[in-house]
2 protein chains.
Amino acid sequence: MVAEKDEKTTMSADGGAQPPPGQTWLGQVLRDAHRAFSRALQSRIAAHGVTMGQWSFLRALWEEDGLTQRQLSQRVGMMEPTTVTALNGMERSGLVVRVRNPADRRKVNIFLTEKGRSLQSVLIPHAHEVAQQATDGLSAPELQAAIEALTRVIANLDRSGDDFLDGFD
Amino acid sequence: MVAEKDEKTTMSADGGAQPPPGQTWLGQVLRDAHRAFSRALQSRIAAHGVTMGQWSFLRALWEEDGLTQRQLSQRVGMMEPTTVTALNGMERSGLVVRVRNPADRRKVNIFLTEKGRSLQSVLIPHAHEVAQQATDGLSAPELQAAIEALTRVIANLDRSGDDFLDGFD
DNA sequence: CAAATAAACTTAGATTGCTAAGCGTTTTTT
DNA sequence: AAAAAACGCTTAGCAATCTAAGTTTATTTG
């Protein structure tokens with residue numbers, strides 16, 4: 001039987017890779033939290049033929065139907081090729097239809113089908129359930145504070161990305 | 001020129017897809033924070049030939065060299081096929097070497113090369129820099145609280161995953 | 001109005017991650 | 001000790017994203 005699934009050999013001989021002031025850790029925690037959340041939600045919505053990649057777009061369309069792909073990409077915060085991929089799948093499974101805009105034929109408006117729209121009442125509860133489980137034991141203020149901190153982090157990083165362009169034009 | 005990058009058509013006609021009690025939102029924020037962090041770190045370490053996928057494994061090895069692939073997977077929290085892929089790349093770029101364990105030929109121990117080890121002092125500062133920018137404007141307690149909240153979220157979700165197995169054995 | 005530029009979508013190709021299934025090696029059963 | 005079970009790694013194939021490079025349609029310019 002052996003029962004030594006990890007062997008814990010020399011364990012942390014201080015290579016100098018300490019996670020410092022709770023900082024380097026942040027990335028790790030973000031990644032793990034994101035993956036845990038994704039997995040949880042995915043396992044629930046997959047049964048309805050919806051993938052995580054499609055989930056965000058579906059939500060955006062529930063909020064406002066008929067958006068163009070460009071608009072959808074911006075709302076969801078995804079690059080356009082990603083949107084194309086997701087929409088291809090959604091179109092294939094009959095959740096949306098693409099309609100070439102007659103006024104400006106470059107544009108393609110995306111409309112939910114009855115099937116796509118009806119999923120809202122089915123899927124939203126699953127999302128709530130996951131959020132519920134995820135935040136179990138956290139007070140509303142704690143949760144709120146965490147979300148605000150993360151929002152700050154997002155803003156900080158997005159902004160700092162611009163720094164790379166400074167002095168290059 | 002036109003200057004109307006979004007057209008903001010009917011905007012939120014309340015389809016009923018409200019993000020509820022700051023909950024459904026959590027997933028969105030987690031995803032965005034994770035992506036922002038990844039992008040930021042990636043853009044810095046890529047110059048040294050290391051991808052985000054490899055970063056975690058490198059850190060684990062800096063902390064303890066010679067782990068088996070199974071152990072590495074557990075430490076990093078990644079599935080084994082993912083580990084295989086990352087290690088293939090790392091082996092190809094000369095960061096690690098695979099050594100079949102003579103005592104148990106099923107196992108393969110992973111050892112850092114001099115190159116892989118020396119990257120530690122180069123890469124860690126980049127990670128700190130990103131963490132620094134990410135947490136700009138957040139007090140230590142705020143950051144700490146956020147990390148604890150996320151840790152709680154991770155634990156909640158991982159645990160709840162087990163629920164699926166209840167009554168199935 | 002024709003040519004150049006811009007806008008919106010698509011295609012191509014790479015990376016990272018996962019699940020499922022396969023292949024040797026070792027340990028446990030009988 | 002042969003058969004069965006467990007281990008540890010690998011392969012195969014899919015999903016989600018991204019960047020770079022088209023294609024088609026509109027708008028601006030000369």
Side-chain angles (χ1 to χ4, degrees), chain A residues 1-7 31-32 34-43 45-46 49-58 67-74 76-93 98-110 161, chain B residues 1-7 31-32 34-36 38-43 45-46 49-57 67-74 76-93 98-110 161:
Chain A
M1 208 348 150
V2 187
E4 54 151 7
K5 46 170 22 175
D6 197 5
E7 307 202 4
R31 195 196 60 166
D32 291 349
H34 168 244
R35 287 207 326 208
F37 202 98
S38 278
R39 263 200 301 261
L41 185 52
Q42 184 154 37
S43 74
I45 65 178
V50 176
T51 69
M52 277 306 285
Q54 301 173 175
W55 167 251
S56 315
F57 293 99
L58 219 34
L67 292 167
T68 64
Q69 297 195 187
R70 175 79 102 222
Q71 291 174 315
L72 260 176
S73 303
Q74 292 174 337
V76 169
M78 220 70 97
M79 291 297 99
E80 297 194 38
T82 305
T83 304
V84 170
T85 307
L87 289 178
N88 284 343
M90 294 167 77
E91 196 174 27
R92 218 178 314 116
S93 24
R98 273 188 241 238
V99 179
R100 182 130 243 150
N101 187 315
D104 184 340
R105 299 178 34 69
R106 287 172 302 183
K107 300 180 179 177
V108 175
N109 293 92
I110 309 298
Chain B
M1 205 353 149
V2 187
E4 53 152 8
K5 46 172 20 174
D6 196 4
E7 308 201 1
R31 196 196 59 165
D32 292 348
H34 168 245
R35 288 206 324 207
S38 278
R39 262 200 300 262
L41 185 51
Q42 183 154 39
S43 73
I45 65 178
V50 176
T51 69
M52 277 306 286
Q54 301 173 175
W55 167 251
S56 315
F57 293 99
L67 292 167
T68 65
Q69 296 194 189
R70 173 80 99 220
Q71 291 175 315
L72 259 177
S73 303
Q74 293 174 336
V76 169
M78 219 71 97
M79 291 298 99
E80 297 193 37
T82 304
T83 305
V84 170
T85 307
L87 288 179
N88 285 343
M90 293 167 78
E91 195 174 28
R92 217 179 315 115
S93 24
R98 271 188 242 238
V99 179
R100 180 133 242 149
N101 188 315
D104 184 341
R105 299 177 35 67
R106 286 172 304 184
K107 300 180 178 176
V108 175
N109 293 92
I110 310 297

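Quick note on labels: first sequence line is chain A, next is B, and so on, each numbered from 1.
For T68(A), the listed nucleotide lying nearest its side chain is dC9(C); candidates were dT10(C), dC9(C), dT16(C). Between dT16(C), dC9(C), dT17(D), one nucleotide has an atom nearer to the side chain of R31(B) than all others, and that is dT17(D).
Checked against side chain to side chain donor-acceptor pair (under 3.5 Å), R106(A) has the following partners two or more places apart in sequence or in another chain: D104(A).
Rounded to a whole Å, the CD1 atom of I45(B) is 13 Å from the C1' atom of dT15(C). Nucleotide dC18(C) holds its P atom 11 Å from the CD atom of Q42(A), rounded to whole Å. dA8(C) atom P lies 12 Å from atom CG of N109(A), rounded to whole Å. Computed from coordinates, the M78(B) CE to dC9(D) P distance equals 16 Å when rounded to whole Å. Look at CD on Q71(B): it is 15 Å from P on dC7(D), rounded to the nearest Å. One atom, CG of L72(A), and another, P of dT17(D), lie 14 Å apart when rounded to the nearest Å. Taking atom CH2 of residue W55(A) and atom C1' of nucleotide dT17(D), one finds them 20 Å apart after rounding to whole Å. Between N101(B) atom CG and dC7(D) atom P the separation is 17 Å, expressed in whole Å.
In terms of heavy atoms, G89(A) sits closest to Q54(A) at C-OE1, 3.8 Å. Summarising the geometry of L41(A) relative to W55(A), their closest heavy-atom pair is CD2-NE1, 3.7 Å, with the distance given to 0.1 Å. Listed here is the closest heavy atom pair of Q69(B) and V84(B): NE2-CG2, 3.7 Å. G53(B) approaches A86(B) most closely through the heavy-atom pair O-CB, 3.9 Å.
Under a cut-off of 6.0 angstrom, the local environment of CZ in R100(B) is crowded, with over 12 non-hydrogen atoms contributed by other residues, nucleotides or ligands.
Q69(B) has a side-chain polar atom (N or O) that falls below the 4.0 Å cut-off from OP1 or OP2 of dT10(D). Within the 4.0 Å cut-off from OP1 or OP2 of dA16(D), not a single side-chain nitrogen or oxygen of T82(A) is found. Taking only side-chain nitrogens and oxygens, R35(A) never comes nearer than 4.0 Å to OP1 or OP2 of dT16(C). The phosphate of dA16(D) (OP1 or OP2) has no side-chain N or O of R39(A) nearer than 4.0 angstrom. Under 4.0 angstrom from either OP1 or OP2 of dA15(D) there lies no side-chain N or O belonging to R92(A).
Counting only heavy atoms from C-beta outward, the side chains of T83(A) and Q71(A) never approach each other to under 4.5 Å. Put simply, the side chain of T85(B) does not reach to within 4.5 Å of the side chain of M78(B), judged on heavy atoms. Between L72(B) and I110(B), some side-chain heavy-atom pair lies under the 4.5 Å cut-off. Residues R35(A) and H34(B) fail the side-chain proximity criterion, which asks for heavy atoms closer than 4.5 Å.
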Shorter than 3.5 Å, N or O on both sides, protein versus nucleotides 11-14 of chain C: list them out with atom names.
none

Is there any protein nitrogen or oxygen under 3.5 Å from a nitrogen or oxygen in nucleotides 22-25 of chain D, and what are the pairs?
{"unit_1": "dT25(D)", "atom_1": "OP1", "unit_2": "R105(A)", "atom_2": "NH2", "d": "3.3"}

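Residues R98(B) and A103(A) both approach DNA chain D. Their nearest nucleotides, taken by heavy-atom distance, put R98(B) toward the 5′ side.
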